[in-house]
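This report concerns only the one structure given below.
Please read all numbers here as calculations on a predicted model, not as lab measurements.
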Amino acid sequence: LLAGAGLAVWLAGGAPPRAALPVPVPAPAQAVPAPFDPLTALEQVANGAQPDRAIIVTAQQSQVRIGKDRFQFAVHASRDGYLYVQMVGSDRNNFYLLFPNAVDKDNRIKAGQTVTLPRTGWRMGVEGPAGVDQFVAIVSDAPRSFDSAGLVQGDLFAEFPVARAGALQRAYRGATPLFAGTPTCTAPCSAAYGASRFAIEEVN
């Protein structure tokens, strides 16, 4: 009778409740790093400069014709230092250290002096594509090395290969811009520099 009563209760109450199955939670999507933009690197170099170190850059032509003209510009410094010129090409896929280079290594500049580039022994032809070439001129208190930024020497100009530069930039945790380089003098050594951005347009 007791067994029968228990069965009656079970039938009256229906089947015992099933345990709820866990609902799968999707894993959070990992952020995809933004592609490296060498133009942003130039901006960071310019933004890291000391404003009391004035540099004036004058392009001989603000617009040059592909296959016909040549690049030429003059840099005037307010302080003694060492001159470096970087360039991002009009296609944004090339990031160069134009000066000093394999032919012209003497990059010292005096306060009040104007240096016109290119100098004897090298030139810069206008090879396209159409668009705007972006530059930054740097005058550093001390000589600088760009090895930590992945600089690779070429036959004339050195280059920051874009893929490698992007990987180095993502891993960099320094306080100063990576592509501004580091001073190579012995302590005490000034890491200060001035910088000036300028642009030249290539047209057909």
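- Here the shortest heavy-atom pairing between L156 and R123 reads CD2-O, 4.4 Å.
- To the nearest 0.5 angstrom, F146 atom CZ is 7.5 Å from L151 atom CG.
- A donor-acceptor pair under 3.5 Å is formed between the side chain of E202 and the backbone N or O of G128.
- In this structure the side chain of H76 never reaches within 4.5 angstrom of the side chain of I55, judged on heavy atoms.
- Side-chain atoms of N107 come within 3.5 Å of backbone N or O of L83 as a donor-acceptor pair.
- With values rounded to the nearest 0.5 angstrom, Q72 atom CD is found 10.5 Å from M124 atom CE.
- Considering only heavy atoms from C-beta on, F73 stays 4.5 Å or farther from T116 through its side chain.
- A side-chain donor-acceptor contact under 3.5 Å links R144 to the backbone of G181.
- Residue Y84 is grouped with residue L42 when hydrophobic side chains (ILVMFWY) are merged at heavy-atom distances under 4.5 angstrom, including chains of intermediate members.
- Note on V45 and L98: separate hydrophobic clusters, where clusters join Ile, Leu, Val, Met, Phe, Trp and Tyr whose side-chain heavy atoms are under 4.5 Å apart, directly or indirectly.
- Atom CG of residue L178 and atom OG of residue S148 lie 5.5 Å apart, to the nearest 0.5 angstrom.
- Counting heavy atoms from C-beta outward, V152 and P161 have side chains that approach closer than 4.5 Å.
- Rounding to the nearest 0.5 angstrom, the gap separating the CD atom in E201 from the CD atom in Q134 is 10.5 Å.
- The backbone N or O of G166 sits nowhere less than 3.5 Å from a side-chain atom of Q169 that would complete a donor-acceptor pair.
- Considering OH of Y96 and CG of D133, their distance stands at 10.0 Å, rounded to 0.5 Å.
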Candidate pair R108 and D80, rule salt bridge (Lys or Arg N to Asp or Glu O under 4.0 Å), full reasoning
CA-CA 8 Å; R108 289 171 295 181; D80 292 353; over 6 Å; no
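- Residues I200 and I56 do not share a hydrophobic cluster, defined by chaining ILVMFWY side chains whose heavy atoms lie under 4.5 Å apart.
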Stepwise side-chain contact (heavy atoms from CB on, under 4.5 Å) test for I66 and E127:
CA-CA 5 Å; I66 296 170; E127 300 176 355; 5.8 Å; no
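- Ring pair F95/F135: centre-to-centre distance not below 6.0 Å.
- No donor-acceptor distance shorter than 3.5 angstrom exists from the side chain of S90 to the backbone of G131, with no hydrogens or angles considered.
- V139 has its side chain within reach of I109: a pair of non-hydrogen atoms, C-beta onward, lies under 4.5 Å apart.
- Annotation: the span from M87 atom CE to F198 atom CZ amounts to 9.5 Å, rounded to 0.5 Å.
- Between the side chain of D104 and the main chain of P100, no donor-acceptor pair closer than 3.5 Å is present.
- Aromatic pair F160/F179: ring centres closer than 6.0 Å.
- When atom types are taken as modelled, the side chain of Y193 and the backbone of Y82 share no donor-acceptor pair closer than 3.5 angstrom.
- Hydrophobic clustering, with ILVMFWY side chains joined whenever heavy atoms are under 4.5 angstrom apart, groups L117 together with F71.
- R173 approaches R170 most closely through the heavy-atom pair NH1-O, 2.8 Å.
- Remark: R119 CZ is packed, more than 12 non-hydrogen atoms of other residues, nucleotides or ligands lying under 6.0 Å away.
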Using the rule given for side-chain contact (heavy atoms from CB on, under 4.5 Å), can you reason through R92 versus L39, listing the C-alpha separation, both sets of side-chain angles and the distance that settles it, and then say yes or no?
CA-CA 7 Å; R92 284 200 177 184; L39 187 54; 2.7 Å; yes
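- The two atoms that bring A111 and S78 nearest to each other are CB-O, 3.5 Å, heavy atoms only.
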V85/V136 under side-chain contact (heavy atoms from CB on, under 4.5 Å): CA gap, chis, key distance, verdict:
CA-CA 6 Å; V85 180; V136 63; over 6 Å; no
Quick one, D141 with R53, criterion salt bridge (Lys or Arg N to Asp or Glu O under 4.0 Å). Give me CA distance, side-chain angles, the key distance, then yes/no.
CA-CA 9 Å; D141 290 5; R53 287 158 169 76; 2.8 Å; yes
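- The shortest distance between side-chain heavy atoms of V64 and V203 does not fall below 4.5 Å.
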